[in-house]
*Asks:* 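Below is a structure I'd like to ask you about.
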Number of protein chains: 2
Amino acid sequence: MLDDATHDLLAQVAALYYEDELTQDAIAAELGLSRVKVYRLLKQARSEQVIQFTINWPVQRASELETRLCQRFGLREALVLRPDSSGHTHTLARVAQLGARFLEQNLRDGMTLTVCLGRSTYEVIHAVRPGFQGHVNVVQAVGSISQATPELDSASLTRELAAKLGGVAHYLAAPMMADSVAAAAVLRSQRDIQRALQLARTASMALVGVGNLDPATSEFARAGYLAAQELADIRAAGGVGDMAGQIFSADGQAYDGEFNSRVIGLRLDDLRAMPAVMSIAIGASKTQAILGALHTGVIDVFCTDGDTAAAVLAAATQVF
Amino acid sequence: MLDDATHDLLAQVAALYYEDELTQDAIAAELGLSRVKVYRLLKQARSEQVIQFTINWPVQRASELETRLCQRFGLREALVLRPDSSGHTHTLARVAQLGARFLEQNLRDGMTLTVCLGRSTYEVIHAVRPGFQGHVNVVQAVGSISQATPELDSASLTRELAAKLGGVAHYLAAPMMADSVAAAAVLRSQRDIQRALQLARTASMALVGVGNLDPATSEFARAGYLAAQELADIRAAGGVGDMAGQIFSADGQAYDGEFNSRVIGLRLDDLRAMPAVMSIAIGASKTQAILGALHTGVIDVFCTDGDTAAAVLAAATQVF
DNA sequence: AGTCCCAATGTGCAAATGTACGCAATTCGT
DNA sequence: ACGAATTGCGTACATTTGCACATTGGGACT
């Protein structure tokens, strides 16, 4: 991992470079190292997150959109980023920052948090600042995707988050999706998997992303679990999106096909029973998926940006 | 101050540079600016703290020293940095990180925090990470020192902290020390000053440093309020240190001279009545001052490093 | 012992960055 | 309206940084 003496050296070098603004040469002289060595330590300090860059976005929340979302969908809390003039670069990072602050504020020593996969989740975890005081255990809520971008995989997300929150990581050692319903049942009956799922069910908070079923971006498709045609079939049958691998329809009902049963992870009912479920999603293309997700009654706290919030609210009223 | 569009631009540039690791040239091309402009924006982003470097020190606490401090001095909580092999560079920064985490953990929306001056306080405030969710108002607990290093002055500390905690800064528009007891009374009777002090008294938490009365390092001396000789006299009369400008003796009694009455700020009694007072101090030279400070009964939460904690405990038992 | 392999360290150079200087635009005072 | 002062911006150059490549110095296995 990262031994304590090394960690200290990395921190020292990073402090001298970034905080005291010494040159690499000066640091090398001070610590009796070569400049290249200092350069490499700095690089490592960044990659190991010994130094973190915290950007203070002029993050303003759009409170009237927040209250409208809360009222319309019965949310406990909504966090909506007020959109600003500049292009949407880093919008996700900013929304994730909102979500991360919520986590930091609401997690307490001894709590358990469960997480699943996805870019949004990744960004939230990334925005959680290290140095959290207390110990929060982190449980993986759905199985791993072998084909996924490694860093976006739920196992590595679990690990990173647990490290930041000073707790223990509990992995769900299973593929995200079994090849058949029967196989899924067998997997679920394994003691380790059962135990991990049970632990996840008793978590005090969950962090989930919302996926749409677009063949181009879906992790399902990328992982090879579902072909484009299957996704299209599911959409035709009413599926609009997924949370933690569970597909739901526009009115928030769990999708009826065998698909959901093949996924190894928490079910929508499990999530619904959880004290707090936080979800993050942005993007016009996700409007329908978000709408369905909000109708499931699973989500307690929802983070998004102003544009998405407005689109979701517009789509919601349009129906009726 | 910093208008919103500029702030956004600074954040954008800082994000592209530090997080996405683009070169200044690339950023310039992307945003249609010259490279030098980007360089200047980056410089400004650093100076305005739009970007912050958070260093993750390998901070380990020495829990048995913590419990001994708590028991010996009746503290609610003690935070003691475990000393490690490396030289004591950045020890203060690390202790400050401990203190800052405590603040972040314990401050809640709507609370009021009161702060005073000193390098330790400065470091704690520096280590508080921006992006706190909620609004904590910050009140200046003692008057300003005109001669002090500007950034260590209590007014600017108040401003910076308020910005980080998303609250309003309330200044105590007065010099730290009046020229005579009578003048101090006049100053204190001013409506604005009265109001600020009253606000400070009702704060839910206070952050104070501990000064020793060493002519070489004392802010009093540097500010020209007290000559070296006066400091020596005070020490001879039993004064061992100060908190928020109030001098106390080794047994924790307020110093009896006129000095304390000339200071415009909270009194020790005010601090004693406060729900939570956090204090930070390190260094062998401060042992006696810290001992006195702990005996005042003012401090509820004390942060320091292992060496200082050990020295203080040793000195405490030695007396009896 | 030999030799293969890996990791750690140093060298040299091209790219990126920091800054002094100068020019233009704008503000401010008279 | 005029000039002084200030600010903002770009050019040019010195310094600093990133990185590809060479070198060294051990283990580990034969």
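Numbered from 1 within each chain, the chains take letters A, B, ... in sequence-line order.
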*Asks:* Do B:Arg40 and D:dG10 have a side chain to base donor-acceptor pair shorter than 3.5 Å?
*Replies:* yes
*Asks:* In whole angstrom, what separates A:Leu33's CG from D:dT17's C1'?
*Replies:* 17 Å
*Asks:* Taking the axis from the first five pairs and the axis from the last five, what angle separates them in the helix from C:dA1-D:dT30 to C:dT30-D:dA1, rounded to 10 degrees?
*Replies:* 30°
*Asks:* Can you establish whether the number of heavy atoms outside B:Asp179 located under 6.0 Å from its atom CG is more than 12?
*Replies:* no
*Asks:* Restricting to salt bridge (Lys or Arg N to Asp or Glu O under 4.0 Å), what partner residues turn up for A:Glu19, sequence neighbours left out?
*Replies:* none
*Asks:* If I take atom OG1 from residue B:Thr308 and atom CG from residue B:Asp305, how far apart are they, to the nearest 0.5 angstrom?
*Replies:* 3.5 Å
*Asks:* Quick test: give all pairs of protein nitrogen or oxygen and nucleotides 15-18 of chain C nitrogen or oxygen below 3.5 Å, distance rounded to 0.1 Å.
*Replies:*
{"unit_1": "C:dT17", "atom_1": "OP1", "unit_2": "B:Tyr17", "atom_2": "OH", "d": "3.1"}
{"unit_1": "C:dT17", "atom_1": "OP2", "unit_2": "B:Gln24", "atom_2": "N", "d": "2.8"}
{"unit_1": "C:dG18", "atom_1": "OP2", "unit_2": "B:Gln24", "atom_2": "NE2", "d": "2.9"}
{"unit_1": "C:dG18", "atom_1": "O6", "unit_2": "B:Arg35", "atom_2": "NH2", "d": "2.9"}

*Asks:* Tell me, do B:Gln52 and B:Arg46 make a side-chain contact under 4.5 Å, heavy atoms counted?
*Replies:* no
*Asks:* Between C:dT9 atom P and A:Gln44 atom CD, what is the distance in whole Å?
*Replies:* 11 Å
*Asks:* Do B:Leu81 and B:Thr304 have side chains that get closer than 4.5 Å, going by heavy atoms?
*Replies:* no
*Asks:* Measure from the side chain of A:Ser34, starting at C-beta and using heavy atoms only, and say which of C:dT9, C:dG10, D:dT11 lies closest.
*Replies:* C:dG10
*Asks:* Here's a test for you: under side chain to side chain contact (heavy atoms under 4.5 Å, CB included), which of B:Val139, B:Leu161, B:Asn137 qualifies with B:Leu113?
*Replies:* B:Leu161
*Asks:* Please examine the side chains of B:Arg35 and B:Gln24, heavy atoms only from C-beta on, and report whether any two atoms are closer than 4.5 Å.
*Replies:* yes
*Asks:* So, for B:Phe53 and B:Tyr18, is the gap between ring centers shorter than 6.0 Å?
*Replies:* yes
